[in-house]
Number of protein chains: 2
Amino acid sequence: MSADERRESVIRAAVIEFSRGGYNGTSTEAIAKRVGVSQPYLFRLFPGKQAIFLEAARRCCQDVTEVFRRASEGLQGEEATKAMGDAYQALIADDPEKLLMQMQMYVAVAAAEAAGDREFGEALRAEWMEMYDVANLAMGADVDETTQFLAYGMLINVLVSMGFKPDHRVWAGFYEEVQPK
Amino acid sequence: MSADERRESVIRAAVIEFSRGGYNGTSTEAIAKRVGVSQPYLFRLFPGKQAIFLEAARRCCQDVTEVFRRASEGLQGEEATKAMGDAYQALIADDPEKLLMQMQMYVAVAAAEAAGDREFGEALRAEWMEMYDVANLAMGADVDETTQFLAYGMLINVLVSMGFKPDHRVWAGFYEEVQPK
DNA sequence: CGAGTAAGTTAGTGGCCAATCACTACCTAA
DNA sequence: TTAGGTAGTGATTGGCCACTAACTTACTCG
């Protein structure tokens, strides 16, 4: 397998592992095992652990952005909102790790920023803004609508992370039930 | 100093340290240093590291809940919403670590749940519901309003964690600027 | 064939970290 | 004065982990 193909599979494995354990709670050993490769080889493919996390988080953002883009294609206003909401619901059901990875990304950026690492957060803020802009475009550039849409999305992320089951009353304030697995 | 008083100061130190490094990225050594006590002594005051994290997260939830309770006292509907929003803004400005600790709590619960630890999440979900109910009561038991209020709160948490500065355009969709430090 | 290159491994190192154990210092009450 | 309880420390340990260095295998091309 070529190095590029390997890197790709490392990123996919990293999303799964990091989404569970977070940056510090995930060993490079665990990622390597999932890929089916020796642990030192990861350091040939990437400069270090943080670089692997960065790529995994970036990929995750891009996947969500792409889901929004496709769902809202050719739609506008309320139709686009509904389509994107449904698409996000489906994404969570299929790949809950992408939701959890987002949460891990948020705290990892905060930690990097606190540690004086500027680049790391900068790269991920750019990815996040990509997602924001796709949503905003679908909303006809209405920033209030966009903000509200993303706000509900973030609450969903938190409730899922916290393990509130679909029949719990915290979900009562949503139009539709949303829950992974 | 009595053991109870020490425990109290450990919890306060733990909130600061855990909010920065998360569960796995924070050493008990760091907490002990901040308290001004030897590291092994922490294990006399608490059964283990997780217990310290649990108490820190619990305390954090209770603080936020208390802020909402006090801010909404005697108010209802839109007035209560505004009062609680302002109070949260002030809390973030004064103690940003309480916001970050919430984020750390979310991913820690997800990790514990994935590891089969049921109790940990259960305890923190109870604290979260306490906060939910206080907000809900202030909203006159309107769950849609409550959900929306909390959704905006969660988006604020995420944007602050991600390090978006107050003048960044992502904040344009909010009534007022909200930013720590 | 032989040389180069790309994919991959085994072995090892230095550092950190949660938790334990055995000990000391001080206070109080009989 | 001593016995017991409470607050606290120093030393240690066993395990994990990111990362490095050196070696191997296999394919390709002149």
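Here is how names work: the chains are called A, B, and so on, in the same order as the sequence lines, proteins then strands, and each is numbered from 1.
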Undergrad: Let me check something: any side-chain donor-acceptor pairs from residues 98-109 of chain B under 3.5 Å, sequence neighbours excluded? List them with distances.
TA:
from: B:Lys98; atom 1: NZ; to: B:Asp63; atom 2: OD2; distance (Å): 3.2
from: B:Gln102; atom 1: OE1; to: B:Tyr106; atom 2: OH; distance (Å): 3.2
from: B:Gln104; atom 1: NE2; to: B:Ser19; atom 2: O; distance (Å): 3.3
from: B:Tyr106; atom 1: OH; to: B:Trp128; atom 2: NE1; distance (Å): 3.4

Undergrad: Under the side chain to side chain donor-acceptor pair (under 3.5 Å) definition, can you give me all pairs with a residue in residues 144-155 of chain B, not counting sequence neighbours?
TA: B:Asn136-B:Thr146

Undergrad: Would you list the protein and nucleotides 9-11 of chain C atom pairs, both N or O, that sit under 3.5 Å from each other?
TA:
from: C:dT9; atom 1: OP2; to: A:Ser38; atom 2: N; distance (Å): 2.8
from: C:dT9; atom 1: OP2; to: A:Ser38; atom 2: OG; distance (Å): 2.8

Undergrad: Taking the side chain as C-beta and beyond, is there a heavy-atom pair between B:Tyr88 and B:Val67 under 4.5 Å?
TA: no

Undergrad: Please confirm whether the backbone N or O of B:Tyr23 pairs with a side-chain atom of B:Thr26, one donor and one acceptor, at under 3.5 Å?
TA: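 A pair under 3.5 Å: no.
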
Undergrad: What are the residues of residues 11-33 of chain B, sorted by number, that bring a heavy atom to within less than 4.0 Å of DNA chain D?
TA: none

Undergrad: With a 3.5 Å distance limit and no angle check, can you tell me whether A:Glu5 reaches the backbone of A:Ser2 through a side-chain donor-acceptor pair?
TA: yes

Undergrad: Determine yes or no for a side-chain-to-main-chain donor-acceptor pair under 3.5 angstrom, with B:Ser72 supplying the side chain and B:Met84 the backbone.
TA: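 The answer is no, because no donor-acceptor pair under 3.5 Å joins these two groups.
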
Undergrad: Please name the pair of heavy atoms, one in A:Ala123 and one in A:Leu54, separated by the smallest distance, quoted to 0.1 Å.
TA: CB-CD1, 4.0 Å

Undergrad: Main chain of A:Ile156, side chain of A:Trp171: is a donor-acceptor contact present, judged purely on distance under 3.5 Å?
TA: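 No, the answer is negative, given that no donor and acceptor are paired below the 3.5 Å cut-off.
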
Undergrad: Hey, can you pull the residues of residues 111-123 of chain A with a non-hydrogen atom under 4.0 angstrom from DNA chain C?
TA: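 By residue number: none to list.
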
Undergrad: Rounded off to whole Å, could you give me the CZ-to-C1' distance for the A:Arg7 and C:dA7 pair?
TA: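 Rounded to whole Å, this separation is 11 Å.
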
Undergrad: Taking CD in B:Gln62 as the centre, count heavy atoms belonging to other residues, nucleotides or ligands within less than 6.0 Å. Is the count above 12?
TA: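 Atom CD in B:Gln62 is crowded, with more than 12 foreign heavy atoms closer than 6.0 Å.
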
Undergrad: Check salt bridge (charged side-chain N to carboxylate O under 4.0 Å, His left out) between A:Glu130 and all other residues, then give those that pass, not counting sequence neighbours.
TA: none

Undergrad: I need the residues from residues 47-55 of chain A with at least one non-hydrogen atom less than 4.0 Å from DNA chain D; give them sorted by number, or say none.
TA: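 When residues 47-55 of chain A is checked for heavy atoms under 4.0 Å from DNA chain D, the hits, listed by number, are A:Gly48, A:Lys49.
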
Undergrad: What pairs of residues pass the side chain to side chain donor-acceptor pair (under 3.5 Å) test when at least one of them lies in residues 108-120 of chain B, not counting sequence neighbours?
TA: B:Gln50-B:Asp117, B:Glu113-B:Arg125, B:Arg118-B:Glu122

Undergrad: Return the value, rounded to whole Å, for the distance between atom CG of B:Leu45 and atom P of C:dT20.
TA: 14 Å

Undergrad: I need the full list of ring pair (Phe, Tyr, Trp, His ring centres under 6.0 Å) pairs touching residues 129-151 of chain B, with sequence neighbours left out, sorted by first then second residue.
TA: B:Phe68-B:Phe149

Undergrad: Side-chain contact test, heavy atoms from C-beta onward, threshold under 4.5 Å: evaluate it for B:Glu17 versus B:Lys33 and give yes or no.
TA: no

Undergrad: For A:Arg20, check salt bridge (charged side-chain N to carboxylate O under 4.0 Å, His left out) against everything at least two apart and list the hits.
TA: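 Result, salt bridge (charged side-chain N to carboxylate O under 4.0 Å, His left out) vs A:Arg20: none returned.
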
Undergrad: Pairs under 3.5 angstrom only: tabulate donor-acceptor contacts from the side chains of residues 38-45 of chain B to other protein residues two or more places apart or in another chain.
TA:
from: B:Gln39; atom 1: NE2; to: B:Thr28; atom 2: OG1; distance (Å): 3.2

Undergrad: Anything under 4.0 Å to a heavy atom of chain B counts; send over the first and last such nucleotide of DNA chain D, read 5' to 3'.
TA: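 Counting from the 5' end, contacts occupy D:dA7 to D:dA11.
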
